[in-house]
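The next block holds one structure in the form of structure tokens; read it before the comments.
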Amino acid sequence: MSFQTGVLIDLAVSVRPDDVSGSSAEYPDRMSAMEGRLQSQEDEITLLKSSLADALRRLHLHDQLIPLLKQQLIAGPHNYSKMCLHILLCHFSVLSLSRARRNSEKAAKDNQDKTKKRLEKKAASSTNLLTRSPSLESEGVIIDLFLILSLAGQSIKMFIRGRPITMYVPSNIQNYDDLKMEPPVEKLELDWVYGYRGRDCRANLYMLSSGEAVYFIACVVVLYHINNRTQRHYRKHTDCSVTITAHQLNSVDRLRCPLQPYVHIWDSSTLTTLQQIGLGTFERGVGSVAFSFADAGAFLCVIDDSNEHMLSVWDCAKGTKHAEVKSTNEAVFAVEFNPSDSSNIITCGKSHVYFWTLSAGSLTKKQGIFGKYKKPKFIQCFVFSLTGDVLTGDSEGNILTWGKSPGDVKTLGKGAKETFQIMRQTRAHDGSVFTLCMLHGGALLSGGGKDRKIIRWSADLAPERECEIPEMFGAVRCIADVDGEEVLVGTTRNAILRGTFSDGFVAILQGHVDEMWGLATHPSQDVFLTCGHDRLVCVWNTEEHKLDWCTTLEEYGLCADFCPNGDVVSVGLSTGRWLVLDLKTKEVVSDYTDGNEQLSVMRYSPGQNGSFLAVGSHDNFIYIYTVTESGRRYSRYGKCNGHSSFITHLDWSKDGKYIMSNSGDYEILYWDIAGGCKLLRNRYESKDREWASYTCVLGFHVMGVWLEGSDGTDINALCRSHSERMVAVADDFCKVHLFQYPCPKPKAPNHSYEGHGSHVTNVRFTHCDSHLLSMGGKDTCILQWRVKRGGMGDGSGDRQHHAALTSTSSLEP
Ligand SMILES: *[C@@H]1O[C@H](CO)[C@@H](O)[C@H](O)[C@H]1NC(C)=O
Ligand SMILES: *[C@@H]1O[C@H](CO)[C@@H](O)[C@H](O)[C@H]1NC(C)=O
Ligand SMILES: *[C@@H]1O[C@H](CO)[C@@H](O)[C@H](O)[C@H]1NC(C)=O
Ligand SMILES: *[C@@H]1O[C@H](CO)[C@@H](O)[C@H](O)[C@H]1NC(C)=O
């Protein structure tokens with residue numbers, strides 16, 4: 001297309017060879033400026049495309065309107081006095097347009113593009129709103145103006161990226177200007193966190209003496225009681241890459257906020273924050289943390305993510321820095337205090353093990369010497385043996401035993417100092433040793449990053465037992481000791497297993513391992529379904545807080561919807577294929593393909609059997625199927641053709657006859673499905689239609705959820721509650737918002753909730769509105785929020801409200 005060529009030329013001009021040979025410091029700036037420009041030009045193209053589509057649609061409309069208009073004009077212009085005439089800047093030659101229509105759509109677009117600027121200029125200078133063209137009918141004559149008629153005060157324009165989106169005010173709203181928005185009466189409370197992050201984190205699983213496993217996912221630290229199967233949550237974070245280390249009473253989490261990383265020390269029994277350490281000190285983030293052991297956690301050691309990997313030691317009680325030193329320019333993976341001597345700290349990472357001594361506020365370093373042994377690429381982890389030796393696990397699959405050798409006085413002379421050397425090399429795993437764990441009884445466990453094995457070693461490093469983790473769970477990421485016999489195993493495919501060598505291991509927690517977008521709640525049960533880029537389709541139970549079942553597809557799923565009868569669910573995939581799964585047998589009962597682009601929305605029309613299924617695609621079409629045999633048979637009924645960009649959201653009307661849809665270029669279109677999948681050109685006529693669900697992010701009823709100056713991608717999803725009293729919003733900034741429904745006024749008050757560590761991709765209420773589910777894209781985390789009805793303030797207010805309700809209803813028997 002012509003504007004794309006423009007972009008390329010622009011780029012070619014900017015990256016002249018002499019620019020490249022110029023100042024290198026200037027180059028990244030130029031690159032980012034160019035990227036910015038490219039982005040804004042792409043945005044502009046999107047806008048142009050959608051304005052064009054809009055204009056073309058209006059042309060169709062006006063083809064119908066013109067005869068009507070002419071009648072009206074002949075009847076007399078006085079009749080317009082009550083009407084507000086919106087001018088649609090048009091200067092199209094009828095001839096060129098009809099020719100364009102006969103030719104390809106592309107030609108029309110080019111034509112439109114060229115004339116647009118001229119038109120705008122003309123429109124701006126035009127003062128005459130309504131010109132009667134004497135030869136309206138004759139082709140080849142320029143029509144000066146197009147008119148859009150709308151009754152004064154009944155439409156509202158909202159702008160996204162400068163693009164106006166017109167919404168028509170429903171008739172039941174008499175006085176839009178006087179509408180007052182209140183915050184919703186309901187509030188959300190974090191109820192359950194599904195998922196575990198083992199894929200890209202080390203040391204993310206600990207056991208507390210309370211019987212709780214501690215781990216983090218998204219911005220939440222989860223304390224999961226493994227016997228009671230209850231959760232508590234600690235979430236004093238604003239960003240989400242948290243590492244934790246557990247120590248008897250206290251726990252520490254690492255906060256990696258782009259600007260202000262710091263460490264929280266909090267009490268794991270009360271979840272209160274005891275100390276906030278190092279605000280403004282750590283550069284880029286915190287890599288590893290460790291408590292001292294010998295003095296019951298008096299000190300904390302932190303390694304930050306700066307190039308120098310600054311190592312600092314902190315007094316936990318006072319929150320003050322005790323010592324600080326540059327550790328190395330290489331990656332650092334772990335840090336620990338010697339359990340019997342807090343002045344002794346060890347770090348390991350890329351090709352190194354360092355032994356630090358803390359004395360009088362300063363830290364001195366000694367390198368571990370590899371000598372005749374091959375230096376491994378990475379030292380992944382280490383532990384202290386009961387005898388005080390350091391055992392490291394490395395990328396060669398070996399366990400190295402380190403010991404102190406007295407200074408070599410013979411060759412180095414009298415002042416020779418003691419050194420740390422390898423005493424023994426033990427072959428342990430194929431691939432990396434990802435983790436080492438000393439059990440209370442003194443046995444050592446090692447976990448493999450490639451062979452998925454857990455091996456138990458005797459005190460003198462003889463292998464005693466081994467077992468292999470099933471492939472579906474991935475490799476061993478970390479191991480936590482439950483009671484010296486039983487252990488928890490965190491895996492790289494985001495599962496936590498529990499078990500012993502004798503009885504084997506079972507998953508107590510499983511989650512997604514890649515970005516998720518598809519979320520659907522069951523129409524009558526406490527069940528929901530998720531799907532994502534990991535090709536997993538998972539069915540969960542909100543009451544029992546568990547994964548019911550999970551299946552792997554050939555392609556990845558992006559959207560899903562339960563058939564209203566609750567027996568089957570359809571899942572839209574990345575290739576245009578969609579499957580219908582039977583919830584009881586877990587089998588695929590139907591398998592269809594529409595187009596070859598990804599599907600973005602599946603939606604059944606309301607009614608027991610869902611007489612239609614709408615399939616929204618990235619190919620700009622909505623495919624409509626009739627549904628028979630209780631959701632097991634589908635036949636193509638029609639196709640909605642009219643969007644100029646990919647379908648993003650759609651909803652059925654309550655009578656099951658109409659669809660409202662949104663697209664990637666912020667269109668709102670209405671379709672008459674029962675009447676043959678026809679586009680309803682006059683959007684005004686759909687203003688009073690009632691919708692069975694409300695998930696379209698653009699529409700009069702949800703206009704207020706958008707902030708001023710929003711980008712169209714700021715809100716990924718929204719969902720009205722079944723009660724039609726509130727609407728939940730998934731935004732692109734890790735937040736979930738709750739608004740009152742309807743929400744037609746900008747700057748509407750809302751409750752907003754943190755917890756996700758990534759753009760929130762979807763939200764859905766459960767069938768009875770008891771819970772809201774929200775899903776983070778990259779954080780692979782599903783949060784389950786309890787919906788609390790209640791008055792203002794916190795939980796105590798809620799209880800009072802509840803008490804008031806029960807006391808009034810106590811009059812009844
Ligand atoms: C004005 O329009 C209405 C219909 O909208 C029509 O009934 C009426 O006759 C028109 N008035 C005049 C003066 O023509
Ligand atoms: C676990 O359950 C036991 C028995 O019901 C109870 O005494 C204990 O307080 C529970 N612990 C937690 C952390 O919920
Ligand atoms: C739904 O479909 C089943 C089986 O086809 C049928 O027996 C039932 O009557 C239908 N229900 C409604 C409400 O149409
Ligand atoms: C939600 O409410 C907060 C204040 O409570 C306000 O700052 C914000 O603009 C509102 N809207 C959104 C989308 O966050």
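One-based numbering, in listed order, for ligands and for the atoms of each.
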Does [X] pair with [Y] as a salt bridge, N-O distance under 4.0 Å?
X      : Y      : answer
Arg229 : Glu544 : no
Asp548 : Lys546 : yes
Lys654 : Glu724 : yes
Lys788 : Glu186 : no

Which segment of [X] sits under 4.0 Å of ligand 4 when only heavy atoms are counted:
X      : value
Val729 : neither
Asn750 : both
His751 : neither

Open item on the list: Tell me whether the rings of Tyr215 and Tyr224 are parallel (<30°), tilted (30 to 60°) or perpendicular (>60°).
Closed with: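 Perpendicular, since the angle between the ring planes exceeds 60°.
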Open item on the list: If the cut-off is 4.0 Å to any non-hydrogen atom of Leu707, which atoms of ligand 4 fall inside it?
Closed with: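 In order of numbering, the contacting atoms are 9 (O), 11 (N), 12 (C), 13 (C).
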- [ ] Enumerate the atoms of ligand 4 whose separation from the nearest heavy atom of Val705 is less than 4.0 angstrom.
- [x]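 Within the 4.0 Å cut-off of Val705, ligand 4 contributes 13 (C).
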- [ ] Return yes when at least one protein heavy atom is under 4.0 Å from atom 9 (O) of ligand 2, and no when none is.
- [x]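 Not a single protein heavy atom is under 4.0 Å away.
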Task: Under-4.0 Å protein heavy-atom contact, atom 1 (C) of ligand 4 - done: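 Under the 4.0 Å cut-off, atom 1 (C) of ligand 4 does have protein heavy-atom neighbours.
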Open item on the list: Tell me the protein heavy atom at minimum distance from atom 14 (O) of ligand 4, and give that distance in Å.
Closed with: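 Its nearest protein heavy-atom neighbour is His737 CE1, 3.2 Å.
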Task: Which residue and heavy atom of the protein sit nearest atom 13 (C) of ligand 2, plus the separation - done: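 Residue, atom and distance for the closest contact: His225 CD2, 3.3 Å.
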Open item on the list: Measuring from atom 3 (C) of ligand 2, which candidate in Asn228, Thr230, Leu223, Asn227 has the nearest non-hydrogen atom?
Closed with: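 Of the listed residues, Asn228 has the closest heavy atom.
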TODO: Without swapping roles, check the side chain of Asn228 against the backbone of Thr230 for a donor-acceptor pair under 3.5 Å.
DONE: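 It does not hold such a pair.
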Open item on the list: Exactly one of His759, Glu515, His756 should register a side chain to side chain donor-acceptor pair (under 3.5 Å) with Lys778. Which one does?
Closed with: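 Among His759, Glu515, His756, the one that satisfies the side chain to side chain donor-acceptor pair (under 3.5 Å) with Lys778 is Glu515.
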